[in-house]
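Written out below as structure tokens is the structure these notes cover.
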Amino acid sequence: MATFLSRLGRLAFRRRGVTLLLWLLIFGGMGFAASSAPAPPADTFSMPGTESQEAFDLLTEKFPDASADGASARVVVRAPQGQKITAPEQRADVGRLVAELGTSSPQVVGAADPYKTPDISISKDGTTAYTVVTYKVPAMEVNDEAHDALDAAIENAGKAGLTVEAGGDAVKIDQTMGGTGEQIGILISAIVLVLTFGSLIAAGMPLITALIGVGIGISGITALSSALGLSATTSTLAMMIGLAVGIDYALFIVSRFRAERAEGRSPEEAAGRATGTAGSAVVFAGLTVIVALGGLAVVNIPMLTEMGLAAAGTVAVSVLVAITLVPALLGFAPVKVMARKGRLQYALKPLSERQQRKAAKRAAKPATTDKPNLGSRWASYVLRHPVAVLLVGVVGLGTIAVPATSLELGLPGEGSMSTKTTQRKAYDMLSESFGPGFNGPLIITVQAEDAKKAADSVGKVFDQNPGVTSVSPATPNKANDTAIINLIPKTGPTEKKTEDLVRELRDTARGLEQSNASQILVTGQTAMFIDFSQTLDDALLPYLGLVVGLAFLLLMVVFRSILVPLKAALGFLLSVAAALGAVVAVFQWGWLADVLGVEQTGPIMSTMPIFMIGVVFGLAMDYEVFLVSRMRESYAHGARPAEAVVDGFRHGGRVVAAAAVIMISVFSGFIVEDNDFIKMIGFALAIAVLFDAFIVRMAIVPALFALLGKSAWWLPKWLDRILPRVDVEGEKLDHDGQSAPHSRRERTLVG
């Protein structure tokens, strides 16, 4: 592996113009393909194998007119304080609003008159009413003209003295990202890169190559979206993790190039060795990320599978960019990429053969004689106090992880939006006037020979449940073989009691099916969200097992050890558990909620743990592979176990710390967003990277190495014969970048 990648890096360095041109052509070609491709299909949500999905499919078949996919907006109107919405003056104002809404845009089908269905659309206290505006197109296709017309109608009604707010998928949501917090995060990232490298060229190179890799990946997804049926949100995860790993991978290779140049090697040789060693680590780190993202398929939710595979493809592109384009760009600035201080020594003529031999001899020695830096000093401290450091790290993270035992999963809705949004205001108005469960109605489907009669009977039974506010009369289809009932719970959509109610109704339905010779299904958006959360909850442990298991095998091949990948996997689980505990404490229990600006606590977003595992696992394995591969490399070249740990931190500690700070800065930018769930994702990713990079990789890992000694690199002989040798550490590279025989001592150290 190292030999092949070294040759690839040298080739890219020598043919830098051709390499850069090829990547620019690919970048431009993919951009052109994306711009020429048809618009991606609208977002669709399905969960094969769940009762909710089965019921939705039945409704589409039996009630085709009612199951149209057009968007809708629910406009809530409240009379001035002390007045009734049924008063003649208010009724006239509402009539004008309904008329304006119904003709506001060519995309609008119409708006319902609340006074024609007062029992349903007007609150019992007579102060509040609502109208539903239906559209001809799905939510993703509602244009700016229609959004502006809806806003104008609401504003005009407000001028008449009414309180008017709107919710529903047709209402425009401000999804603009990149606010002040995110800009600060990017600025901090740039500062960290400059401080790490001491060169603007070196600092800009990881950013440029990462953007090129992500651009190609996202353009490819867009170009294929129509043909493969990928929705517009498929690229969300790809952009996030592609940018993260792209920066990391380029950072690792540029840093290794500078280290090789500092050892006295020529630019081409340094590029080859950097690609052969750090590039090998990049390849295997990328494979672990691809495993994590591809593993999302086990959840059996098409949307997550698409997002995972699309992100995995973007990571693969980032790996290719790192091992080819980065060495090519290094060829354009082999001197300017070095730190400004002492840069002149690298601009001199090439070293003589004698000087190169001396440099090679110096590089082959264990690096314990190198000048100490912060990384090596920290590693030395951990080696002197391994038990104390290990206990503090494990107990500390374990304590923070305790709240994770109370984790409750749910999905975001209008009730979780900022109280400043019109959607949240409309949600609160409906809850106050019609009851909390009005925002989360359930739909009951009944299939029977006489569906109307059977459904009415089912409705009477369900109405006796203490958790039910009301049950509507049954509505059959034309064939009377299927009927639907609308049921309003007493509790809100995200409350635990509503989840319990859905389970109770389904249990009751199983008993009624036998007596009525019918099929009864409970669905609706609330039930769908509950099933979605349960599906993700059930898939979490199998997903973890698959990802950690495959990564364990991959790392065992890389490091030729059993204990090294085992502690890497256990450390990752510890950091994820601690991050989940912190998220539960803040967003579910409300600790430090005021500090972070969390307006409402509640269940944790169902997709957050899965996404966090995928993203953080990728970054954690990046840091593990890069840091430990330097230790393995030093150990394989003759260093004692403790010396190898110090050497790994001397050369890799600063880079891993810089990469982690960059990711924490970027993710922290999401915390200042108004949406609580965006805050949650940003906080979860930032805190998880903090725990994993600085506590697990920087403290627990070296402490375990200190306690294990040579045992850390133990591998049974029978397993050593079975596992393929991939030479990630560059053991087969001589100082000319070619294969060279090992000394007897080095051969015995391999494995």
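- Using modelled atom types, no side-chain atom of Trp378 and backbone atom of Phe649 make a donor-acceptor pair closer than 3.5 Å.
- When all heavy atoms of Ala322 and Ile253 are compared, the pair lying nearest together is O-CD1, 3.2 Å.
- Here the side chains of Val655 and Arg256 are not in contact, with every heavy-atom distance at 4.5 Å or above.
- Ala660 meets the side-chain contact (heavy atoms from CB on, under 4.5 Å) test with Tyr623, Val689, Ala693, Phe694; sequence neighbours excluded.
- Under the side-chain hydrogen bond (donor to acceptor under 3.5 Å, both in side chains) criterion, the residue pairs touching residues 565-583 are Lys567-Glu624, Ser575-Asp692, with sequence neighbours excluded.
- Within the 3.5 Å criterion, the main-chain N or O of Arg630 finds no donor-acceptor partner in the side chain of Ser634.
- In this structure, Ser255 contributes its side chain and Leu251 its backbone to no donor-acceptor pair below 3.5 Å.
- Considering only residues two or more places apart in sequence or on other chains, Arg14 meets the side-chain hydrogen bond (donor to acceptor under 3.5 Å, both in side chains) condition with Glu268.
- Residues Val291 and Thr288 fail the side-chain proximity criterion, which asks for heavy atoms closer than 4.5 Å.
- In terms of the ring pair (Phe, Tyr, Trp, His ring centres under 6.0 Å) criterion, residue partners of Phe705 (sequence neighbours excluded) are, by chain and number, Trp713.
- Atoms OG and CD, on Ser6 and Glu269 in that order, are 6.0 Å from each other to the nearest 0.5 Å.
- Inter-residue side-chain proximity for Leu563 and Leu704 is flagged as unmet; no heavy-atom pair is nearer than 4.5 Å.
- Ion pairing of Arg560 with Asp720 is present here, as a side-chain N (NZ or NE/NH1/NH2) and a carboxylate O approach within less than 4.0 Å.
- Every residue was checked against the salt bridge (Lys or Arg N to Asp or Glu O under 4.0 Å) condition with Arg377, not counting sequence neighbours, and none meets it.
- For Phe252, the ring pair (Phe, Tyr, Trp, His ring centres under 6.0 Å) partners at least two apart in sequence or on another chain are Phe626.
- Residues meeting the side-chain contact (heavy atoms from CB on, under 4.5 Å) test with Ala706, sequence neighbours left out: Leu383, Pro386.
- The shortest side-chain heavy-atom distance between Val628 and Leu555 does not fall under the 4.5 Å cut-off.
- Checking side-chain atoms of Arg261 against main-chain N and O of Arg265 turns up a donor-acceptor pair under 3.5 Å.
- Evaluation of the side-chain hydrogen bond (donor to acceptor under 3.5 Å, both in side chains) rule for Trp23 yields Thr324 as partners, not counting sequence neighbours.
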Under 3.5 Å, which donor-acceptor pairs do the side chains of residues 543-553 form with other protein atoms, sequence neighbours left out?
residue: Tyr543; atom: OH; partner: Ala292; partner atom: O; Å: 2.6

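- Remark: Phe13 engages no residue in a ring pair (Phe, Tyr, Trp, His ring centres under 6.0 Å) (not counting sequence neighbours).
- For Ile212, the side-chain contact (heavy atoms from CB on, under 4.5 Å) test picks out Phe27, Ile208, Ile216, Leu325, with sequence neighbours left out.
- Considering only residues two or more places apart in sequence or on other chains, Phe332 meets the ring pair (Phe, Tyr, Trp, His ring centres under 6.0 Å) condition with none of them.
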